[in-house]
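Per chain, numbering begins at 1; letters A, B, ... match sequence-line order.
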Number of protein chains: 2
Amino acid sequence: MAPDHRGLTPRKQPRQARAEATRQRILTAAAHVFAEYGYAAGTTNRIAARARVSIGSLYQYYPNKDAILAELLIRHLDAGAAAVGERLDGQLPDSLEETIRLFVRTSIDNHLDDPQLLRVMAEQGPRTPELLDKVARHHRARVASVQALFERHPQVRVADTHVAARLAVATIELLAHQLLAAPDPVDVTRFENELVAMLTGYLTTER
Amino acid sequence: MAPDHRGLTPRKQPRQARAEATRQRILTAAAHVFAEYGYAAGTTNRIAARARVSIGSLYQYYPNKDAILAELLIRHLDAGAAAVGERLDGQLPDSLEETIRLFVRTSIDNHLDDPQLLRVMAEQGPRTPELLDKVARHHRARVASVQALFERHPQVRVADTHVAARLAVATIELLAHQLLAAPDPVDVTRFENELVAMLTGYLTTER
DNA sequence: GTCTATACTTAGATAGAC
DNA sequence: GTCTATCTAAGTATAGAC
């Protein structure tokens, strides 16, 4: 016997839930394919195949190939921002060195997840104005929060905290990106220690 | 009257010279086109048009599109290596700081030439094994020479000169690349000063 | 040696059946 | 809603005239 519903319930309700799952499958497949083949050779056909969805269905969920990579990038940025925010919410360590280490480690973690995909997104992704703008805003936000931290911290001795923040953020992100995605990756712990030492020394040295 | 030649001289001799000039024109055009459009959209048709050569002629000089970018990259690497070698030939400054400055400045100069083209070459160029190998060899050579310099220099205090050299080389090249090619480029002089200070501090601090 | 015209390939995107 | 089959566009590379 049918349960006593209001009468208009669709026989199978997975209207939204199933569609969402399909979207997610496509996205996950795209992440793998882009990471493996790069953007140009990461064709929509390959993505559809990997997601076990026909090419026609894929285009029902995303208007074009760029939109897929764009969504991956946006999710990555949001996740990164969330991770940073989270770690800044709690009490920061007293020593500058440990604070720097927190930043460095967060960045490394963020990159260790899928270095190849990150590389593709950073280097070959579509450079639409909106995307560039979104990336730039995220970047500026990070620089601003690091700068604010430098200004509050009594150990920091640099003349221009803005330039220092830009240098620090760029150094951390670029090195994490490069050295971890390299074919000849460095030892992560050692890399972390050296990088922390370099930045801490720079920030605390009277000149 | 015709000069007293051996009789088989071609009427116009520019056999090699003219061909070399055409090759160079194609290369120069390619540099502009790649820098402006990127690799994928930098089509051979555009390159040929810009060089004022037909597409057919272009393919008489280069077997395919990859070969054009490859030659540009090789020339860039060789020029960079030559520039570094040149500056290391003369007497190095006594102070470590000035030596570091020499490296930093060389790298910056190398990048200021055509940041956009460099970006395309680094990020979108064909990743054939030979090219990757060539790039890797150049890179290792630079790391090795920097490491040797660190070992000779009395002011350097780091525990592991190899790791330090890798970190230093990567930092210099990546930051030059990123900060100069950015839409929001930093002031070059200030950037140079801060970077030199950071590296010098790192290398000379006892830990 | 240089050109024009074009063949070939590939991938993005769509139409229409089921 | 999902599929298969197909169209269109673009770009590399070649053939063959001059």
Side-chain angles (χ1 to χ4, degrees), chain A residues 9-30 32-72 120 124-128 131, chain B residues 9-30 32-72 120 124-128 131:
Chain A
T9 314
R11 283 172 294 213
K12 288 175 181 172
Q13 71 194 41
R15 269 298 206 283
Q16 281 294 77
R18 201 184 135 90
E20 193 47 49
T22 306
R23 258 185 101 83
Q24 186 57 49
R25 278 231 315 290
I26 294 172
L27 224 43
T28 307
H32 281 110
V33 170
F34 286 142
E36 185 171 351
Y37 294 93
Y39 188 63
T43 67
T44 48
N45 280 308
R46 273 201 241 265
I47 295 170
R50 167 124 203 180
R52 278 171 306 163
V53 164
S54 76
I55 182 68
S57 294
L58 183 147
Y59 276 97
Q60 197 147 33
Y61 288 90
Y62 292 95
N64 54 52
K65 183 174 156 171
D66 281 9
I68 303 178
L69 194 70
E71 181 154 338
L72 281 174
V120 170
Q124 306 166 37
R127 297 254 206 280
T128 66
L131 269 188
Chain B
T9 313
R11 281 173 294 213
K12 288 177 182 172
Q13 70 194 40
R15 269 297 205 283
Q16 280 293 77
R18 201 184 135 90
E20 193 47 48
T22 306
R23 257 185 101 83
Q24 186 57 49
R25 277 230 316 288
I26 294 172
L27 223 43
T28 307
H32 281 109
V33 170
F34 286 142
E36 186 172 349
Y37 294 92
Y39 189 63
T43 67
T44 48
N45 280 309
R46 273 201 241 264
I47 295 171
R50 168 126 202 178
R52 278 170 308 164
V53 163
S54 77
I55 182 70
S57 295
L58 184 147
Y59 276 97
Q60 197 148 33
Y61 288 91
Y62 293 94
N64 55 53
K65 183 173 157 171
D66 281 9
I68 303 178
L69 194 70
E71 181 154 339
L72 282 174
V120 171
Q124 306 166 37
R127 296 255 207 278
T128 65
L131 269 188

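If you check residues 51-58 of chain A against DNA chain D, the residues with a heavy atom closer than 4.0 Å are Val53(A), Ser54(A), Ile55(A), Gly56(A), Ser57(A), listed by number.
Regarding Gln60(A), its CD atom lies at a distance of 13 Å from the C1' atom of dA15(C), rounded to whole Å. Remark: C1' of dT2(D) and CZ of Arg23(A) are 17 Å apart, rounded to the nearest angstrom. Distance, Arg46(A) CZ to dT10(C) P: 11 Å, rounded to whole Å. We find that CD1 of Ile26(B) is positioned 14 Å from C1' of dC3(C), with the value rounded to whole Å. Here dG11(D) presents its C1' atom at 12 Å from CD1 of Ile47(B), a figure rounded to the nearest Å. Between the NZ atom of Lys65(B) and the P atom of dT14(D) there is a distance of 15 Å, given to the nearest Å. If you take CG of Asn45(B) and P of dA10(D), they are 12 Å apart, rounded to a whole angstrom.
Counting only residues at least two apart or in different chains, ring-ring contact (aromatic ring centres under 6.0 Å, His included) contacts with residues 32-56 of chain A comprise Phe34(A)-Tyr39(A). Residue pairs satisfying the side-chain hydrogen bond (donor to acceptor under 3.5 Å, both in side chains) criterion with at least one member in residues 46-57 of chain B, sequence neighbours excluded, are listed as follows: Ser54(B)-Ser57(B).
Nucleic acid contact for Asn64(A): sugar-phosphate only, since backbone atoms but no base atoms lie under 4.0 Å from a heavy atom of the residue. Within 4.0 Å of Tyr62(A), counting heavy atoms only, lies no atom of the nucleic acid at all.
Checking the phosphate oxygens (OP1, OP2) of dT2(D), a side-chain nitrogen or oxygen of Arg18(A) falls inside 4.0 Å. For dT2(C), neither phosphate oxygen OP1 nor OP2 lies less than 4.0 angstrom from any side-chain nitrogen or oxygen of Tyr59(B). For the pair Thr44(B) and dG11(D), the criterion of a side-chain N or O lying under 4.0 Å from OP1 or OP2 is not met.
With a 4.5 Å cut-off on side-chain heavy atoms, Arg23(B) and Leu27(B) do not count as touching.
With rounding to the nearest 0.5 Å, the separation of OG1 in Thr28(B) from CD1 in Ile47(B) is 11.5 Å.
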Criterion side chain to side chain contact (heavy atoms under 4.5 Å, CB included) on Leu58(B) and Ile68(B), from CA distance to verdict: CA-CA 10 Å; Leu58(B) 184 147; Ile68(B) 303 178; 3.9 Å; yes

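A pairwise comparison of heavy atoms in Val120(B) and Gly38(B) identifies CG2-CA, 3.9 Å as the closest pair. When all heavy atoms of Ala51(B) and Ile26(B) are compared, the closest pair comes out as CB-CA, 3.9 Å.
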